[in-house]
Amino acid sequence: MSGKNTKSLATHFAQAGGAIDPTTGAVVPPIHNATTFVRDENYEPFSPDHIYSRDQNDLYRLAESLLCEAEHAQAGLLLPSGMAAVATLVRTVPNRGRIVLQSGIYWAATKFVREFCARRQVELVEVDCADQAAFREVLEGQKADLVWIETPSNPYLKTVDVAASAKLAHAAGAVLAVDSTAATPILQQPLDLGADIVMHSATKGINGHSDVLAGFVACRDASHPIWELLKTDRAGAGAVIGSFEAWLLVRGMRTLPLRVERMSENALAVAEAMHAHSGIDSVLYPGLPSDPGHVLAKEQMSGGFGSLLSIRVKGGREAALKAVGKMQVFKRATSLGGVESLVEHRHTIENTVPDDLLRLSVGIESADDLIGDLVQALG
Ligand code: PLP
């Protein structure tokens with residue numbers, strides 16, 4: 001897997017990194033469902049890269065190399081879900097270690113980290129990493145094993161300074177990991193900003209069609225000891241995706257740059273319309289100049305600000321739920337990053353989120369239809 005981005009990402013993804021089947025010339029890679037591969041009469045493997053498919057699968061390798069190239073990573077792993085990537089990463093922390101975790105991020109990741117730390121006597125510090133002073137205070141002059149940030153964060157869309165976080169983490173002897181799911185590898189490359197690890201729920205924008213669960217974790221430097229730990233963990237714990245799912249993921253990625261461009265444009269148009277709407281208290285979206293993270297997001301993201309935003313509806317829970325009930329174009333469902341727009345009342349499943357907040361995942365539909373739907377729903 002090379003770390004150099006030689007072609008534009010549009011060409012790279014559209015042509016699946018030049019993946020032409022060498023035996024047939026097919027422009028689409030084949031799916032091999034075999035779990036095992038023969039050896040010759042001298043007991044040499046027929047192909048050294050094909051022994052047993054738990055960890056050796058051409059489609060994993062293809063997906064990994066596509067994403068590594070986009071992230072400028074030297075090595076990466078495909079996993080069966082974003083949470084599998086979270087778990088693989090957290091399991092690298094030694095017993096009685098220390099984790100500094102951004103507060104207010106994807107709730108299931110927080111839950112997993114909390115439970116892991118309690119079981120392994122790992123000290124856990126949760127802090128708002130968008131607040132530089134607070135972040136510095138928990139790291140300066142102290143040791144840590146892992147610093148974990150999520151930018152833009154879900155569902156509050158906070159922007160965290162990756163370069164500054166890397167400096168703080170490294171001074172504390174820690175690895176900096178960035179959950180870059182909401183940005184996708186198209187809009188942000190955390191490894192270029194000094195992060196050691198980037199991870200994604202590939203279920204979201206990377207696949208983009210709400211039909212595959214997948215995760216991805218990648219390292220800037222394959223000689224960093226954490227790479228061996230991650231690789232061994234996937235092979236040993238057997239956290240692998242099926243061949244068909246990996247194939248679907250590669251197919252989805254062919255349009256990744258195009259989708260992200262359109263979704264980001266739509267999300268900005270929706271955010272601007274909601275910002276100007278009298279029924280909305282506030283819009284959380286780093287693309288808006290009024291957003292506290294806007295200047296930073298402009299520096300560390302390029303090509304757009306992503307498809308995720310949250311709106312806080314005037315009138316509280318009742319008004320928010322009433323609006324959701326009236327939506328017709330936005331579908332009432334969890335998740336994000338798909339071509340179809342979704343709306344979620346997060347408080348219903350995560351009660352620490354304000355009950356007037358609606359999270360919007362903006363798809364590739366017409367922006368006018370999306371804005372029209374929201375305007376009619378808000379009355
Ligand atoms: N990270 C973020 C930011 C997410 O939003 C999610 C899921 O919503 C995950 C990780 C977990 O991903 P998955 O659902 O693929 O396990």
Side-chain angles (χ1 to χ4, degrees), residues 82 104-108 152-158 181-184 201 203-213 252 255 258-288 290-291 304-379:
I105 60 166
Y106 175 55
W107 73 276
S153 68
N154 171 14
Y156 297 108
L157 282 303
K158 289 199 178 181
T181 298
T184 79
S201 164
T203 311
K204 315 299 181 195
I206 290 177
N207 176 61
H209 294 78
S210 307
D211 54 10
V212 174
L213 278 170
T255 55
L258 201 61
R259 285 186 280 106
V260 169
E261 187 184 327
R262 173 66 173 263
M263 287 156 83
S264 297
E265 278 168 18
N266 278 357
L268 182 61
V270 167
E272 282 166 350
M274 291 299 96
H275 185 64
H277 195 283
S278 59
I280 296 297
D281 222 18
S282 59
V283 180
L284 316 182
Y285 187 62
L288 289 178
S290 57
D291 188 272
F305 300 92
S307 59
L308 190 66
L309 65 130
S310 292
I311 54 177
R312 297 192 62 178
V313 181
K314 278 187 189 157
R317 175 192 164 85
E318 210 180 309
L321 281 172
K322 195 170 159 203
V324 166
K326 286 189 186 166
M327 289 184 200
Q328 287 162 16
V329 182
F330 279 84
K331 302 300 169 215
R332 290 172 286 276
T334 193
S335 204
L336 54 117
V339 290
E340 65 289 300
S341 294
L342 304 178
V343 57
E344 188 175 34
H345 184 246
R346 271 310 291 174
H347 178 86
T348 301
I349 53 166
E350 189 185 351
N351 66 11
T352 54
V353 172
D355 60 9
D356 61 357
L357 184 146
L358 297 179
R359 193 185 73 186
L360 305 178
S361 172
V362 178
I364 62 168
E365 304 95 332
S366 137
D368 288 347
D369 290 345
L370 296 173
I371 293 166
D373 193 37
L374 291 169
V375 169
Q376 68 77 25
L378 288 162

Give me the atom names and distance for the closest heavy-atom approach of Asn266 to Gly363. ND2-O, 3.0 Å

Within 6.0 Å of NZ in Lys322, more than 12 heavy atoms from elsewhere: no

Sub-3.5 Å donor-acceptor pair from the side chain of Arg332 to the main-chain atoms of Leu342, do we have one? no

Mark yes or no for whether Ser310, through its side chain, and Leu284, through its backbone, hold a donor-acceptor pair below 3.5 Å. no

Would you check if Val283 and Leu309 make a side-chain contact, meaning some heavy-atom pair closer than 4.5 Å? yes

Distance-only polar pair, side chains of Ser335 and Lys204, donor-acceptor under 3.5 Å: yes

Thr255 side chain to Leu258 backbone, donor-acceptor under 3.5 Å: no

Is a side-chain N or O of Ser361 found less than 3.5 angstrom from the main chain of Leu308, in a donor-acceptor match? no

OG/Ser282 to CG/Asp356 distance, rounded to the nearest 0.5 angstrom? 7.0 Å

Ser307 side chain to Met263 backbone, donor-acceptor under 3.5 Å: no

Taking the side chain as C-beta and beyond, is there a heavy-atom pair between Pro152 and Lys158 under 4.5 Å? no

Of the non-hydrogen atoms in Ser210 and Gly338, which two are nearest, and what is the gap between them? OG-CA, 3.9 Å

Straight-line distance of Leu157 CG to Phe305 CZ, nearest 0.5 Å: 12.0 Å

Could you tell me which non-hydrogen atom of Thr184 sits nearest to which non-hydrogen atom of Gly205, and how far apart they are? CG2-CA, 4.2 Å

Gap separating the NE2 atom of His347 from the CZ atom of Arg359, nearest 0.5 angstrom: 15.0 Å

Roughly how far, to the nearest 0.5 Å, is the CG atom of Leu213 from the CG atom of Asn207? 9.0 Å

Are Arg262 and Val339 close enough that some pair of their side-chain heavy atoms sits under 4.5 Å apart? no

Determine yes or no for a side-chain-to-main-chain donor-acceptor pair under 3.5 angstrom, with His277 supplying the side chain and Gly279 the backbone. yes

Do Ser290 and Tyr285 make a side-chain contact, defined as non-hydrogen atoms from C-beta onward lying under 4.5 Å apart? no

Side chain proximity check, Val343 to Lys331, heavy atoms < 4.5 angstrom: no

Within the distance-only criterion (no hydrogens, no angle test), does the side chain of Asp373 pair as donor or acceptor with the backbone N or O of Phe330 below 3.5 angstrom? yes

How close do Gly306 and Ala267 get, heavy atom to heavy atom, and via which atoms? O-CB, 3.2 Å

Heavy-atom check, side chain of Ile280 versus side chain of Lys314, under 4.5 Å: no

Is a side-chain donor or acceptor of Asn154 paired with a backbone partner of Ile105 at a separation under 3.5 angstrom? no

Taking atom CG of Asp291 and atom NE2 of His275, what is their separation to the nearest 0.5 Å? 10.0 Å

Heavy-atom distance under 4.5 Å between the side chains of Ile364 and Glu340, does that happen here? no

Return yes if some donor-acceptor pair links the side-chain N/O of Ser201 with the main-chain N/O of Thr181 below 3.5 Å, else return no. no

Nearest 0.5 Å, what's the CD-CG distance between Glu344 and Leu357? 10.0 Å

Shortest non-hydrogen separation from Gly252 to Arg259 and the atoms involved: O-NH2, 2.7 Å

Matching residue for Asp355 among Arg346, His345, Arg312 - test: side chain to side chain contact (heavy atoms under 4.5 Å, CB included): His345

Nearest heavy-atom pair of Val353 and Pro155: which atoms, and what distance? CG2-CG, 4.1 Å

Above 12 or not: heavy atoms from other molecules or residues under 6.0 Å from CD of Gln376? yes

